[in-house]
Amino acid sequence: MRSIMAESLSPVRVRFAPSPTGHLHIGGARTALYNYLIARKTGGQFILRIEDTDRKRYVPGAEEEIIQGLRWLGLEWDEGPDKGGPYEPYRQSQRKEIYQHYAQQLIEDGKAYYCFCSPQRLEAVRQEQMSRKESPRYDGACRKLDPAEAKARAMAGEPHVIRFKTPQDGTTTVTDLLRGDITVENRVLDDYILVKSDGLALYHLAAAVDDHLMKITHVIRGSEWLPTFPLHGLIHRAFGWQEPVWIHLSVFLKPSGKGKMSKRESAELIKDGYSIFLKDLQGLGYLPEAVVNWIALMGWSYDDHTEFFTMADLIEKFSLERLNPAPAAINFTKFDHFNGLHIRHLPIDELAKRVKPFLIEKGYSVSDETLLKVTPLIQERLHTLDEVTEIAGFFFVEEVQPNIEELVVKDLSVKQSCELAQRILAILKDLPDMRVSTAEPPMRQLVEDTGLKPAQVFGLVRVAVTGQKVSPPLFESMEIIGKETVIKRMEKAVALLKHMEEQAAAQA
RNA sequence: GCCCCCAUCGUCUAGGGGACCAGGACGCAGCCCUUUCAAGGCUAAAACGGGGGUUCGAAUCCCCCUGGGGGCACCA
């Protein structure tokens, strides 16, 4: 496959054609991304087309969610329902007449026919075929109808659909860029419905017509279309149209690799802080840069070692030839890794800006000045943005609530811990300020004087000042917090330890 | 049941007949660094599903099996 330099350098026209029937997920996002990348790389156009021909499955708000999701990822389209373009409209529900026109053309050419079979009859036929262990397929009853007569019945208003007259023998060969030729026996193909009884086209017709009219050069879509791929080739050929280059992407499997993510499993994921839905990702603390990097690498690779990619890198390096047709299991821990990588790649002020909403949401009062000082301390500690609250929340509160147990120094008694805390307090009180250069030397001296381990002394200070056992670097944190607050927190720790000591004495 | 697709470490992958006792990444384990946690560095364990061919030579090409996935709607 690698020898086929399909995209070469000529501009492609590609489209992402989602149907507004639910949430945009990472699988769809990846399809959109690959389309976008190849368009930008070749200087072509990326088109957004909404495939909303099924009114029953239409979900209000889904189109907006798709648009928001794509924009969040940074995948801006050149033509689409919201911005128009030379081939508008870009919403299939608004193109009903166009499809009808082309369906008529097929009927006139004898390549499609009216079908008046009721859903009930079709269901009965299906049942019977199944009971005979045959594949369910249209039995072709209306295929034999006299075309003039059928047309008259249709014109008279008799309910009908329009079916494609699939060749009954021979084979059909279509070509996928990644898989090569795919040949099927025509007899296993059905006389697929092209236009429903409500007059709206089904995907097969609508997509073919639109791809042709919109001058799409490459169709990059999910592999769920592979089974009907031969039909799509046949439809293009029935019209005498040149086919686009077809590329079917692999599917995403659940983390176990066993099957697709079910609706239920997708919903459950959020409990673990993950989601396959784009709408959730931002709130869970993920960067669009990381999402792009992560999904780009599920089914595509650049070489044997490069893994970090910005959008600009991807546009430069992406190629259809290096797409991988095998299904890929979703790996969320790798997603976390990429998120950390991109967090560390962000400029400080940008990271501060992105982390701020998470602090605000948890009720912290955030001063930009403090946040800007805190951000460098947490940058390499964050895997997701929302972790900022647990790692650095103590910077933005008046008081912390240390766990009394944690205040007791390892291998020391409560009494000894209390004495140590008092010595620390005395030293800090005497200092002119809390700069690292001011506070660290005397504290190190204390470690030496007491013969304790650094971890023991600093651990006590850490719990007292930050309220947590794990924190950003201690002295840098104290500098940001400032002397006044540090002293106040130390005093509280001493008081707590004293109280604990008294209680222990009373019990004895 | 029928049709189609896919097949390298647990996972994402590199690999286009000799450069492969198979490379990278995540995760996992250990070590280093270190005031905690990270980040970073180093090391380790970890794979060509099976069987036939073709060839001097196969992870790479062909066939079969097996396994996995997708699809069989007046959904997309």
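Note on naming: letters A, B, ... go to the chains in the order of the sequence lines (proteins, then strands), and numbering restarts at 1 for each one. Since we're looking at a predicted model, the values are computed, not measured.
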In whole Å, I'd like the distance from the [atom1] atom of [X] to the [atom2] atom of [N].
X	N	atom1	atom2	result
A:Ile295	B:U13	CD1	P	13 Å
A:Glu380	B:G40	CD	P	8 Å
A:Met443	B:U36	CE	P	15 Å
A:Arg221	B:C5	CZ	P	15 Å
A:Leu231	B:C4	CG	P	16 Å

If pairing requires Watson-Crick or G-U wobble contacts with both distances under 3.5 Å, which nucleotide is the partner of [N]?
N	answer
B:G1	B:C72
B:G40	B:C32
B:C21	none
B:U54	none
B:A14	none

Quiz item: Which letter, B, S or -, goes with each nucleotide of nucleotides 22-27 of chain B from 5' to 3', with contact meaning a protein heavy atom under 4.0 Å?
Solution: -BBBS-
Quiz item: If the sugar-phosphate is the primed atoms plus P, OP1 and OP2 and the base is the rest, what is the B/S/- string for nucleotides 61-76 of chain B, using protein heavy atoms under 4.0 Å?
Solution: --------SBSSSBBB
Is [X] touching bases, backbone alone, or none of the nucleic acid, heavy atoms closer than 4.0 Å?
X	result
A:Gly299	sugar-phosphate
A:Arg344	sugar-phosphate
A:His383	sugar-phosphate
A:Ile182	sugar-phosphate

Quiz item: Would you say A:Trp300's side chain and A:Ser319's backbone share a donor-acceptor pair under 3.5 angstrom?
Solution: yes
Quiz item: Does A:Arg187 have a side-chain nitrogen or oxygen under 4.0 Å from the phosphate oxygens OP1 or OP2 of B:C3?
Solution: no
Quiz item: In terms of side-chain heavy atoms, does A:Ser262 have a donor or acceptor partner in A:Glu265 at a distance below 3.5 Å?
Solution: yes
Quiz item: Mapping A:Ala329 and A:Phe458 onto RNA chain B by nearest heavy atom, which one lands closer to the 5' end?
Solution: A:Ala329
Quiz item: Is the distance between the ring centroids of A:Tyr203 and A:Trp225 less than 6.0 Å?
Solution: yes
